[in-house]
Number of protein chains: 2
Amino acid sequence: MSSLHDTPRGIPEVTVARLPGYLRALTTLADAGQESVSSESLAATSGVSPSMLRKDLSHLGSYGVRGVGYETSRLIAEISAALGLTRDWPVAIVGMGNLGRALAAYQGFAVRGFQVIALLDGDAEVVGTRIAGLDVQPMADLPALVTRSGLAIGVIATPPSAAQQCCDALVAAGVRSILNFAPTVLAVPPGVIVRKVDLATELQILAFHSHAQAHAAHAEVKGA
Amino acid sequence: MSSLHDTPRGIPEVTVARLPGYLRALTTLADAGQESVSSESLAATSGVSPSMLRKDLSHLGSYGVRGVGYETSRLIAEISAALGLTRDWPVAIVGMGNLGRALAAYQGFAVRGFQVIALLDGDAEVVGTRIAGLDVQPMADLPALVTRSGLAIGVIATPPSAAQQCCDALVAAGVRSILNFAPTVLAVPPGVIVRKVDLATELQILAFHSHAQAHAAHAEVKGA
DNA sequence: CACTGTGAATACCTTCACAGCA
DNA sequence: TGCTGTGAAGGTATTCACAGTG
């Protein structure tokens with residue numbers, strides 16, 4: 001029943017990755033005053049198929065009502081609980097270059113429960129400067145941040161050459177969840193989870209499709 | 001043989017998504033002077049299994065030498081060609097809020113072949129202001145950008161409420177590849193490809209794992 | 001009756017294991 | 001001999017189709 005791709009609580013990784021989308025769709029519906037929603041309608045809003053939505057939700061439990069649908073507020077509560085959004089998650093950003101500063105200034109982290117509590121940099125020149133209302137701290141402060149502030153999530157925004165070293169420092173301090181913006185493959189011990197965000201990769205994937213399409217269009221013209 | 005998940009040239013979507021990673025690993029190796037690399041070594045650098053790497057590369061053709069490995073420069077050329085990186089891809093960013101400005105300032109787009117040629121905004125107040133060396137243009141300029149500059153990739157960095165409208169404008173102007181930073185599901189006609197980058201989603205996935213781990217640790221303490 | 005929850009079927013992706021070739 | 005390229009096997013994810021139920 002449970003497999004290698006299942007998470008500790010038996011929820012498949014792919015399902016976990018889709019839950020935030022459902023949560024967002026539900027929040028939108030709830031804000032609009034909808035108290036109940038069918039799998040068909042919620043699936044459409046979330047951009048997935050109704051059967052996939054139902055299968056995903058079935059991993060959390062049976063929170064729907066047959067013949068009716070899902071109670072919006074109930075489902076929001078259940079998904080939030082499953083994702084662990086009932087508590088706050090302190091975040092630290094490591095690397096105050098172009099990207100790090102952009103991330104610090106961008107208010108996208110200030111969503112439900114996530115808060116940037118510290119900015120760090122390995123360069124003594126940068127430490128102590130003030131960015132987006134926070135004093136940049138040295139890497140040596142990491143253990144104290146974990147102990148005192150419960151830091152759980154680290155964001156790596158360093159150049160690729162420094163990423164592994166910063167990752168090691170985060171892991172050594174006790175951070176178990178890392179969001180990596182550096183274009184590098186990070187090596188981490190078991191139990192530490194890394195997710196990667198890479199603009200260059202995304203653009204190259206888009207380029208492939210534009211390229212393929214231009215090709216196809218050209219072939220069509222030649223064939224006609 | 002070919003399936004629904006295959007791209008026009010018969011390369012599976014998952015493979016396309018991994019090619020940029022191989023390309024980066026290869027570039028690193030080439031810069032270090034390595035002229036040849038085995039699937040085992042390249043796979044390790046790219047963070048995948050050797051068999052997956054070989055299967056992926058086999059979709060592009062037979063560019064390896066049995067008993068030896070892959071010639072670094074040759075493979076770089078072949079993957080670049082497959083991804084369509086042999087030409088330039090002009091990019092426009094739509095939405096000059098917090099995120100859009102951060103993206104415009106961040107030099108992450110300035111990788112091989114990608115160049116931000118225009119910044120756009122729907123707000124007349126913002127149009128005409130200068131950001132990161134470019135004058136912000138009105139949305140009405142989109143068709144001309146596509147015609148005159150060959151704009152092919154649009155980046156949406158607007159608030160979610162404006163995202164669909166901007167997406168429609170991009171599509172109407174002829175843009176077929178969209179990178180969406182807004183937390184919304186975009187509806188697009190067939191032939192248009194959308195990729196999504198969402199910090200909130202990434203953080204929530206990480207929260208799930210931290211949460212699950214805290215749970216597991218707690219259970220262990222109780223059980224002991 | 002309408003819609004959920006779920007076994008069964010299908011499609012897809014990854015890994016295995018080895019044939020084939022420099 | 002050593003490593004690639006690939007059919008076959010195994011495992012995962014998605015869709016189908018319908019039994020179950022408020």
Side-chain angles (χ1 to χ4, degrees), chain A residues 1-19 21-22 25-26 29 34-72 74-76 78-79 82 205, chain B residues 1-19 21-22 25-26 29 34-72 74-76 78-79 82 205:
Chain A
M1 183 182 167
S2 80
S3 76
L4 278 174
H5 277 203
D6 283 2
T7 59
R9 264 167 301 159
I11 306 178
E13 190 63 49
V14 280
T15 295
V16 172
R18 283 189 292 261
L19 290 179
Y22 303 152
L26 282 164
L29 292 172
Q34 279 220 30
E35 291 177 4
S36 174
V37 66
S38 69
S39 67
E40 189 178 342
S41 156
L42 180 54
T45 314
S46 309
V48 303
S49 72
S51 47
M52 197 158 94
L53 172 72
R54 291 204 300 275
K55 184 73 95 191
D56 281 345
L57 294 183
S58 77
H59 287 112
L60 308 186
S62 272
Y63 302 128
V65 182
R66 289 166 198 245
V68 179
Y70 301 90
E71 190 194 337
T72 322
R74 172 85 191 281
L75 203 47
I76 288 176
E78 296 294 350
I79 296 179
I205 295 170
Chain B
M1 183 183 164
S2 79
S3 76
L4 278 172
H5 276 204
D6 282 2
T7 58
R9 263 166 303 158
I11 306 178
E13 191 62 51
V14 279
T15 294
V16 172
R18 282 189 294 260
L19 290 178
Y22 304 152
L26 282 165
L29 292 172
Q34 279 219 30
E35 292 179 3
S36 174
V37 65
S38 69
S39 68
E40 190 178 343
S41 157
L42 180 56
T45 313
S46 311
V48 303
S49 71
S51 45
M52 197 158 95
L53 172 72
R54 290 203 301 274
K55 184 71 97 188
D56 281 344
L57 293 184
S58 77
H59 287 112
L60 308 187
S62 272
Y63 302 127
V65 181
R66 290 167 199 242
V68 179
Y70 301 91
E71 190 193 339
T72 321
R74 172 83 191 282
L75 203 47
I76 288 176
E78 295 295 349
I79 296 179
I205 295 170

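Labels below follow one simple rule: chain letters A, B, ... track the order of the sequence lines, proteins then strands, and each chain is numbered from 1.
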Does B:Thr72 reach the main-chain N or O of B:Gln34 with its side chain, forming a donor-acceptor pair under 3.5 Å?
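Yes, B:Thr72 side chain to B:Gln34 backbone: donor-acceptor pair under 3.5 Å.
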
Protein-nucleotides 20-22 of chain D N/O pairs under 3.5 Å:
from, atom 1, to, atom 2, distance (Å)
D:dG20, N3, A:Arg66, NH1, 3.1

Starting at [atom1] of [X], measure out to [atom2] of [Y] and round the result to the nearest 0.5 Å.
X: B:Thr45; Y: B:Leu53; atom1: OG1; atom2: CG; answer: 9.5 Å
X: A:Tyr70; Y: A:Leu29; atom1: OH; atom2: CG; answer: 13.5 Å
X: A:Ser49; Y: A:Glu40; atom1: OG; atom2: CD; answer: 11.0 Å
X: B:Met52; Y: B:Thr15; atom1: CE; atom2: OG1; answer: 8.0 Å
X: A:Arg18; Y: A:Lys55; atom1: CZ; atom2: NZ; answer: 11.5 Å
X: A:Ile79; Y: A:Arg74; atom1: CD1; atom2: CZ; answer: 11.5 Å

Nearest-Å distance, [atom1] ([X]) to [atom2] ([N])?
X: A:Leu42; N: C:dC3; atom1: CG; atom2: P; answer: 14 Å
X: B:Tyr22; N: D:dT4; atom1: OH; atom2: P; answer: 13 Å
X: A:Arg54; N: D:dA19; atom1: CZ; atom2: C1'; answer: 13 Å
X: A:Met52; N: C:dT4; atom1: CE; atom2: P; answer: 16 Å
X: B:Tyr63; N: D:dT4; atom1: OH; atom2: P; answer: 16 Å
X: B:Asp56; N: C:dC12; atom1: CG; atom2: P; answer: 16 Å
X: B:Leu57; N: D:dT4; atom1: CG; atom2: P; answer: 9 Å
X: A:Asp6; N: D:dA13; atom1: CG; atom2: C1'; answer: 11 Å

Choose from C:dT15, C:dA17, C:dT4 the nucleotide whose nearest atom is closest to any side-chain atom of A:Tyr70.
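Within the option list, the nearest is C:dT4.
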
What nucleotide among C:dC16, D:dA13, C:dG5 has an atom nearest to a side-chain atom of A:His5?
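Nearest to the side-chain atoms of A:His5, counting from C-beta on, is D:dA13.
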
Nearest-nucleotide wise, let me know which of B:Ser62 and A:Lys55 is further upstream toward the 5' end of DNA chain D.
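Nearer the 5' end of the strand: B:Ser62.
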
Given side chains that start at C-beta, do those of B:Tyr22 and B:Leu75 come closer than 4.5 Å, heavy atoms only?
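A side-chain contact is absent here, since even the closest heavy-atom pair is not under 4.5 Å.
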
Please tell me if the side chains of B:Arg54 and B:Ser58 come closer than 4.5 Å, counting only heavy atoms from C-beta onward.
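No, too far: nothing below the 4.5 Å cut-off.
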
Between the axis at one end of the helix from C:dC1-D:dG22 to C:dA22-D:dT1 and the axis at the other (five pairs apiece), what's the angle to 10 degrees?
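End-to-end axis angle: 10°.
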
Under 4.0 Å from OP1 or OP2 of C:dT4: is there any side-chain N or O of A:Ser39 that close?
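A:Ser39 to C:dT4 OP1/OP2: side-chain N or O found under 4.0 Å.
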
Hey, is the side chain of B:Ser49 poking within less than 4.0 Å of OP1 or OP2 on C:dT15, counting only N and O atoms?
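Checking B:Ser49 against C:dT15: at least one side-chain N or O falls below 4.0 Å of OP1 or OP2.
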
